[in-house]
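The block underneath contains the structure these notes are about, expressed in structure tokens.
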Amino acid sequence: MSDFLKDDIERKITLKEGDKAPKFELENADGVKVSLGDFVGKNVVLYFYPKDNTPGCTTEACEFSQNYDEFMKKNTVIIGISPDSVKSHANFIQKHNLSHILLSDPNKEVAKLYGVWQVKKNYGKEYLGIVRSTFVIDKNGNIIKVYKNVKAKDHAIKVLNELV
């Protein structure tokens, strides 16, 4: 195994229900800084995805946007985070007419904070990448649900149906 993976081999999602959600501040598709603290008093669906405009990520993002109004009725903001650039997010939002917030995490700082930047395997090769995961955070900033290794299709509906 390469040296750069050795430091990350033990990384995994250790956050659990009841934990305080780690604070962060990242730029949105317009280059405006957005922090978790901006949404105190609202629930937050915080989902991490690997890459804009890939099949699974597009499916997931479009399903969250298609159900945007239903999430809003439940006092819930949707935020997607990936390592893609602000410009990539702006193009992704425009191309697919997305309604929710996308944040750019180019240094993977927030992904590491939430434990979703992990060793992955594909065709026998190991590499570091985002493990598709979702955290539901209540209006007080506490994690109330963690979804690990998410399958993109129908995930948004599952999250919506489990919100109270």
Side-chain angles (χ1 to χ4, degrees), residues 8-26 28-29 34-84 88-89 92-93 96 98-106 108-122 126-164:
D8 291 285
I9 195 70
E10 296 301 317
R11 183 173 290 136
K12 59 185 176 185
I13 298 173
T14 57
L15 294 171
K16 60 191 179 311
E17 293 172 17
D19 287 349
K20 198 74 166 161
K23 295 178 182 176
F24 61 82
E25 183 177 77
L26 295 171
N28 69 10
V34 174
S35 73
L36 185 58
D38 295 340
F39 304 102
V40 172
K42 293 186 178 289
N43 298 313
V44 175
V45 171
L46 182 65
Y47 76 96
F48 291 86
Y49 66 100
K51 188 155 181 56
D52 291 342
N53 288 307
T54 55
C57 297
T58 300
T59 295
E60 184 176 31
C62 288
E63 287 183 7
F64 272 118
S65 267
Q66 288 163 2
N67 292 285
Y68 181 81
D69 291 340
E70 295 304 312
F71 279 98
M72 294 300 289
K73 287 177 188 174
K74 293 187 176 190
N75 194 33
T76 302
V77 175
I78 305 162
I79 301 173
I81 297 179
S82 83
D84 292 301
S88 176
H89 282 342
F92 189 41
I93 288 169
H96 298 286
L98 301 178
S99 305
H100 61 282
I101 300 165
L102 296 182
L103 299 179
S104 176
D105 187 16
K108 295 93 173 168
E109 293 170 8
V110 178
K112 290 174 183 176
L113 200 57
Y114 278 78
V116 302
W117 183 250
Q118 299 179 16
V119 174
K120 297 171 76 172
K121 291 183 184 180
N122 193 17
E126 291 183 328
Y127 63 97
L128 287 170
I130 297 284
V131 173
R132 191 182 309 277
S133 309
T134 301
F135 299 83
V136 180
I137 302 165
D138 72 12
K139 61 185 179 182
N140 299 312
N142 298 308
I143 297 171
I144 57 174
K145 184 78 177 175
V146 178
Y147 299 89
K148 302 176 184 178
N149 297 308
V150 167
K151 301 291 181 231
K153 182 140 179 55
D154 299 324
H155 177 60
I157 294 294
K158 180 179 180 179
V159 174
L160 179 62
N161 288 339
E162 290 182 5
L163 278 173
V164 282

- Query: Run the side chain to side chain contact (heavy atoms under 4.5 Å, CB included) check on Val131 and Lys120 step by step: do they pass?
  - Reply: CA-CA 8 Å; Val131 173; Lys120 297 171 76 172; 4.2 Å; yes

- Given the rule in the side chain to side chain contact (heavy atoms under 4.5 Å, CB included) test, do Ile101 and Val77 qualify, once you have shown the distances and angles that lead to the verdict? CA-CA 8 Å; Ile101 300 165; Val77 175; 4.0 Å; yes

- Task: For the pair Asp84 and Ser104, evaluate side chain to side chain contact (heavy atoms under 4.5 Å, CB included) and give the outcome as yes or no after the intermediate values.
- Result: CA-CA 6 Å; Asp84 292 301; Ser104 176; 5.8 Å; no

- Item | Step-by-step side chain to side chain contact (heavy atoms under 4.5 Å, CB included) determination, Leu102 to Asn28 | CA-CA 6 Å; Leu102 296 182; Asn28 69 10; over 6 Å; no

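Legend: residues meeting side-chain hydrogen bond (donor to acceptor under 3.5 Å, both in side chains) with Asp19, ordered by chain and number and at least two apart, are Lys16. Take Ile157 and apply the side-chain contact (heavy atoms from CB on, under 4.5 Å) test, not counting sequence neighbours, and it matches Asn67, Asn161. Annotation: side-chain hydrogen bond (donor to acceptor under 3.5 Å, both in side chains) contacts of Asp154 (sequence neighbours excluded): none. Shown here are the ring-ring contact (aromatic ring centres under 6.0 Å, His included) partners of Phe71, two or more places apart in sequence or in another chain: Phe64. Listed by chain and residue number, Lys145 satisfy the side-chain contact (heavy atoms from CB on, under 4.5 Å) test with Glu17 (two or more places apart in sequence, or in another chain). Every residue meeting the side-chain contact (heavy atoms from CB on, under 4.5 Å) condition with Leu36, not counting sequence neighbours, appears here in chain and number order: Ala21, Phe24, Val44, Tyr114, Ile137. Taking Asn142 as the reference, nothing meets the side-chain hydrogen bond (donor to acceptor under 3.5 Å, both in side chains) condition, with sequence neighbours excluded. For Ser133, the side-chain hydrogen bond (donor to acceptor under 3.5 Å, both in side chains) test picks out no residue, with sequence neighbours left out. Partners of Tyr147 under the ring-ring contact (aromatic ring centres under 6.0 Å, His included) rule, at least two apart in sequence or in another chain, are His155.
Between the side chain of Asp105 and the backbone N or O of Ser82 there is no donor-acceptor pair closer than 3.5 Å. At distances below 3.5 Å, at least one donor-acceptor pair connects side-chain atoms of Thr59 with backbone N or O atoms of Pro55. Although no hydrogens or angles enter the test, the distance criterion places a donor-acceptor pair under 3.5 Å between the side chain of Lys20 and the main chain of Asn140. Between the side chain of Asn122 and the backbone N or O of Tyr127 there is no donor-acceptor pair closer than 3.5 Å. For Lys148 (side chain) and Val146 (main-chain N/O), no donor-acceptor pair under 3.5 Å exists by modelled atom type.
At least one side-chain heavy atom of Phe39 sits under 4.5 Å from a side-chain heavy atom of Val34.
For the atom pair NZ (Lys112) and CH2 (Trp117), the distance works out to 7.5 Å, reported to the nearest 0.5 Å. For the atom pair OG1 of Thr58 and CD of Glu63, the computed distance is 11.0 Å after rounding to the nearest 0.5 Å. Taken to the nearest 0.5 Å, the CG atom of Leu160 stands 12.5 Å off from the CD atom of Gln66. If you take CD1 on Ile79 and CG on Leu26, they are separated by 9.5 Å, rounding to the nearest 0.5 Å. Between atom CD1 of residue Ile81 and atom CD1 of residue Ile130 there is a gap of 8.5 Å, rounded to the nearest 0.5 Å. Of the inter-residue distances, the one linking Ile78 atom CD1 with Ser65 atom OG reads 6.5 Å to the nearest 0.5 angstrom.
A salt bridge links Glu60 with Arg132: at least one charged nitrogen is closer than 4.0 Å to a carboxylate oxygen.
In the displayed structure, Lys158 atom NZ is contacted under 6.0 Å by at most 12 heavy atoms of other residues, nucleotides or ligands.
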Could you pull out every donor-acceptor pair under 3.5 Å between side chains of residues 47-54 and any protein atom, sequence neighbours left out?
from	atom 1	to	atom 2	distance (Å)
Tyr47	OH	His100	NE2	2.7
Tyr49	OH	Asp52	OD1	2.6
Tyr49	OH	His89	ND1	3.3
Asp52	OD1	His89	ND1	3.3
Asp52	OD2	Ser88	OG	2.7
Asp52	OD2	His89	N	3.3
Asp52	OD2	His89	ND1	2.9
Asn53	OD1	His96	NE2	3.0
Thr54	OG1	Lys51	O	2.9

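Sequence neighbours left out, the pairs with a member in residues 69-79 that pass salt bridge (Lys or Arg N to Asp or Glu O under 4.0 Å) are Glu70-Lys73.
Closest of all the heavy-atom pairs between Asn43 and Asp138 is OD1-CA, 3.4 Å.
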